[in-house]
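Structure first, commentary second.
Quick note: numbers below take in every heavy atom, side chains included, and nothing from hydrogens, waters or symmetry partners. Throughout, a chain's letter reflects where its sequence line sits, starting with A, and its residues are numbered from 1. What you are looking at is a predicted structure, and each value in this text was computed from that prediction instead of being measured.
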There are 2 protein chains.
Amino acid sequence: MTEQAIPATEQGRPDAGSGADRKARHGAAAAGKPATIYDVAHAAGVSHQTVSRYLKGFEGIRPETRAKVERALAELDYRPNLTARSLTTGRSRRIGALTHDIDKYGPSKILGAASAAARDAGYVLDVVTLDTTDTASIREALAIIAEHDVEGILALSSTDEMTHAFEGIDFRVPALIAAEPDEPSRVQSQLATVGMPALVAHLAQLGHRRLIFLAGPHHWSAARNRTRALQVAAETQGLEVAAILEGDWSARSGHELIRDLPEVDATAIVSANDQMALGAVLALSERGLDVPGDVSVTGIDDLPDAAFYTPPLTTLRMDLSGRGRAAFAELLSRIDGSEAHEPEPVQSELIVRSSTGPAPR
Amino acid sequence: MTEQAIPATEQGRPDAGSGADRKARHGAAAAGKPATIYDVAHAAGVSHQTVSRYLKGFEGIRPETRAKVERALAELDYRPNLTARSLTTGRSRRIGALTHDIDKYGPSKILGAASAAARDAGYVLDVVTLDTTDTASIREALAIIAEHDVEGILALSSTDEMTHAFEGIDFRVPALIAAEPDEPSRVQSQLATVGMPALVAHLAQLGHRRLIFLAGPHHWSAARNRTRALQVAAETQGLEVAAILEGDWSARSGHELIRDLPEVDATAIVSANDQMALGAVLALSERGLDVPGDVSVTGIDDLPDAAFYTPPLTTLRMDLSGRGRAAFAELLSRIDGSEAHEPEPVQSELIVRSSTGPAPR
DNA sequence: GCTGGCGATGTTACCGGTAATATCTCGAAG
DNA sequence: CTTCGAGATATTACCGGTAACATCGCCAGC
């Protein structure tokens with residue numbers, strides 16, 4: 001299948017003889033280099049455009065032509081060069097993903113789900129991590145992403161800095177922050193209407209009347225969302241919020257907040273995530289308080305590990321994977337202009353385990 | 001391919017004035033479209049090649065020309081188009097990253113570190129996740145990555161399937177699996193020579209003589225590595241390994257393995273990671289056994305949360321970030337052919353907390 | 001039998017860069 | 001005063017695709 005096998009069929013050139021080696025490159029695809037559509041076209045004895053048409057699924061190709069192309073394609077193990085394609089079409093099939101705390105469960109879970117959804121849609125995620133949370137470093141990361149010619153931008157952590165960095169930038173491509181789907185809420189938050197009330201009701205039913213809330217960092221919209229939901233639910237159901245303490249999502253911060261409390265004047269601690277709850281449980285036991293004997297503790301998220309904490313944690317299960325998928329789907333619909341089917345509201349479900357029990361006398 | 005067809009008019013004409021609109025596109029960068037070097041060249045009144053030279057840092061440009069280019073560059077807020085550049089240079093500044101379990105702490109931590117290292121080197125990571133561990137799906141993911149024209153490929157989980165999928169494929173670019181740096185070991189594993197012996201010595205010193213090992217899944221090279229290290233250390237120090245039970249890294253598996261044990265005939269449980277240790281602790285307490293009063297438990301990794309388990313977990317801290325950075329550095333050196341400076345051996349350090357204590361009588 | 005129309009395919013232009021080559025300008029040497 | 005050479009800059013080709021346009025062959029209609 002080498003070059004000279006195609007005799008004088010060379011298209012429009014009169015001097016068929018000597019011209020044969022002029023484009024030796026397109027003969028038997030040179031050493032190791034991936035085959036191009038020109039190689040395929042040459043091997044099939046058609047024009048590159050015919051190959052391109054075939055690849056696009058164009059119907060009007062005669063069966064015998066089609067067969068030749070298919071054979072050449074298979075023989076040369078052709079793989080399209082996305083770079084070249086993207087240069088003309090502007091479609092790079094790449095999405096920029098922006099995140100810090102990728103080693104934290106939430107963002108990485110969302111990332112994983114978004115990435116899987118992306119792969120199914122033929123996209124890959126260009127991940128750029130942030131060292132710090134300041135707006136400047138976010139802007140820099142955005143610049144890197146922009147150079148890489150992505151079709152959309154997805155931010156995986158919804159902090160104020162992120163929101164701020166996104167404002168006033170002309171991305172030229174769709175960009176969105178994968179926030180909890182309810183914030184800021186157009187529709188009523190499912191967490192606020194169902195999940196959190198259920199959690200609070202659970203505590204109320206156990207006789208608790210006073211609780212301490214461990215909040216997430218205030219610059220995260222998800223944290224504010226959860227705090228607000230708790231406040232509303234507690235008020236509605238007549239529970240008193242003795243204190244709202246702000247942590248940073250980490251177990252360490254949950255531990256420190258409870259450890260440094262002058263006194264634990266509540267029978268329940270509600271934490272904005274599971275990890276702070278984990279730290280709180282440890283701090284309580286260090287203070288000689290039993291969970292759930294003296295104090296009940298709850299989390300939010302339902303990490304896979306939360307079922308195996310000692311004691312297993314009562315928590316609100318949040319569908320983070322769904323959030324990642326939904327975020328990607330939303331972005332995708334904005335990219336190709338298709339109608340975004342209303343995202344199914346993310347469910348939060350109360351999971352009762354042994355970290356909650358009857359309030360002590 | 002004959003090119004004499006060129007209208008001949010364009011070339012040498014000196015009529016600078018009227019030609020201005022010939023390429024109106026390159027005038028005031030059309031609506032929203034990013035500026036190209038042609039736009040910049042036009043604005044600066046030089047050729048696009050001069051702009052390209054400037055961008056490459058070429059020295060021999062006259063100061064006044066340089067100034068014009070700089071001004072135009074700033075004015076148009078020029079950003080290079082990586083896609084176009086990569087088409088000619090073949091350098092896409094992209095690395096394909098392959099992973100499953102991205103929501104697990106280990107892989108995501110490694111990914112985060114690799115991504116940060118990549119960003120510092122001007123690269124981004126194209127992340128493709130895997131649903132399953134089978135070779136076929138890995139191959140498919142590799143095909144996706146290959147189309148996206150990456151300069152190197154990094155696999156973040158070192159399972160046998162991954163190794164197998166990598167064999168016999170001509171990637172045309174460097175590819176490596178981010179294994180624990182010691183496996184298969186050219187140099188002696190630091191875990192085997194320092195970390196694990198220290199852990200075992202710690203237990204021996206507390207009077208333990210019999211232990212149960214919770215191993216990771218055997219198809220992970222890291223799991224085999226850890227198992228072997230434990231066996232050697234135990235034998236060397238005269239401790240008996242009562243059983244080796246294989247889990248899947250998850251807390252759930254650790255819990256099940258210990259829960260289903262007919263009897264716990266050992267005074268210590270050594271787990272191949274922290275999460276299985278977490279599950280083991282819960283199972284022990286459900287069996288009425290106190291940690292560390294009746295049984296001591298240790299992990300490996302030192303997850304951020306491990307210090308806040310109840311009780312806080314004695315573990316071997318592994319430098320996963322270092323591993324991610326090292327993997328990327330190694331890949332990068334293979335890409336640009338530079339000499340790979342010998343990777344610093346990843347340290348493992350014994351962290352003693354309260355999940356270990358004196359062996360009971 | 002000429003011509004219009006259409007289906008199938010080929011040719012050229014273009015995307016935005018970089019590499020290779022050509023041209024232009026000037027100062028120094030002959 | 002030429003000529004030469006080197007530095008500075010401009011022109012052209014090319015990367016591998018897609019889009020737009022051109023061409024070719026064949027059949028139907030007048």
Side-chain angles (χ1 to χ4, degrees), chain A residues 9-13 22-23 25-26 29-30 33-42 44-66 68-69 76 78-93 147-149, chain B residues 1-8 10-14 16 19 23 25-26 29-30 33-42 44-66 68-69 76 78-93 147 149:
Chain A
T9 54
E10 296 287 345
Q11 267 52 334
R13 254 184 13 270
R22 187 176 62 105
K23 281 285 181 179
R25 291 189 34 260
H26 290 156
K33 288 288 182 190
T36 72
I37 57 169
Y38 292 92
D39 299 324
V40 173
H42 183 97
V46 301
S47 79
H48 72 278
Q49 188 55 231
T50 298
V51 178
S52 176
R53 285 198 192 92
Y54 173 86
L55 294 173
K56 259 196 323 186
F58 179 69
E59 295 292 336
I61 301 178
R62 276 191 316 203
E64 64 261 38
T65 307
R66 178 176 294 268
K68 283 191 293 185
V69 172
L76 295 174
Y78 172 78
R79 295 273 188 67
N81 179 327
L82 253 279
T83 301
R85 178 177 296 169
S86 119
L87 186 56
T88 40
T89 60
R91 308 218 54 178
S92 61
R93 297 278 160 182
E147 284 187 4
H148 278 267
D149 186 32
Chain B
M1 261 306 154
T2 57
E3 58 257 337
Q4 46 16 350
I6 291 170
E10 303 298 296
Q11 267 61 345
R13 41 63 317 199
K23 283 285 181 180
R25 296 187 30 260
H26 292 155
K33 289 286 183 191
T36 71
I37 56 168
Y38 292 91
D39 300 324
V40 174
H42 182 95
V46 300
S47 80
H48 72 279
Q49 188 56 229
T50 299
V51 177
S52 176
R53 284 196 198 92
Y54 172 86
L55 293 172
K56 258 196 322 189
F58 179 71
E59 295 293 334
I61 300 177
R62 277 190 314 203
E64 65 261 37
T65 307
R66 178 176 295 269
K68 283 191 295 186
V69 172
L76 294 172
Y78 172 79
R79 295 275 185 66
N81 178 326
L82 253 278
T83 300
R85 178 178 294 169
S86 114
L87 186 55
T88 43
T89 60
R91 307 218 55 177
S92 61
R93 297 280 159 178
E147 284 188 5
D149 187 31

### Task
Check every atom of C/dG17, C/dG16, D/dG17 against the side chain of B/L87 and return the nucleotide holding the closest atom.
C/dG16
### Query
Contacts to DNA chain C from residues 51-66 of chain B, heavy-atom cutoff under 4.0 Å, which residues?
B/S52, B/K56
### Query
Taking CG from B/D149 and P from D/dC15, how many angstroms apart are they, rounded to a whole number?
15 Å
## Note on the structure
Separation of C/dG17 atom P from A/E147 atom CD, nearest Å, is 10 Å
#### Entry: Phosphate contact (D/dA10 OP1 or OP2) by B/T50 side-chain N/O below 4.0 Å
yes
### Query
What about A/H48: does its side chain form a donor-acceptor pair under 3.5 Å with the base of C/dT9?
no
### Task
Send over the distance from A/Y38 OH to C/dG10 P, rounded to a whole Å.
13 Å
### Task
Whole angstrom is fine here: how far is it from CZ in B/R91 over to P in C/dA19?
12 Å
### Candidate nucleotides D/dG16, D/dT11, D/dA20, ranked by approach to the side chain of A/Q49 - the nearest
D/dA20
### Task
Whole angstrom is fine here: how far is it from CD1 in B/I37 over to P in C/dG17?
5 Å
### Task
Return the 5'-most residue of the pair A/T89, B/G45 with respect to DNA chain D, ranking by each residue's nearest nucleotide.
B/G45
#### Entry: Pair A/D149, A/S86: side-chain N/O donor-acceptor within cut-off below 3.5 Å
yes
### Message
Distance check needed: D/dT18 P versus A/L82 CG, whole Å only.
### Response
10 Å
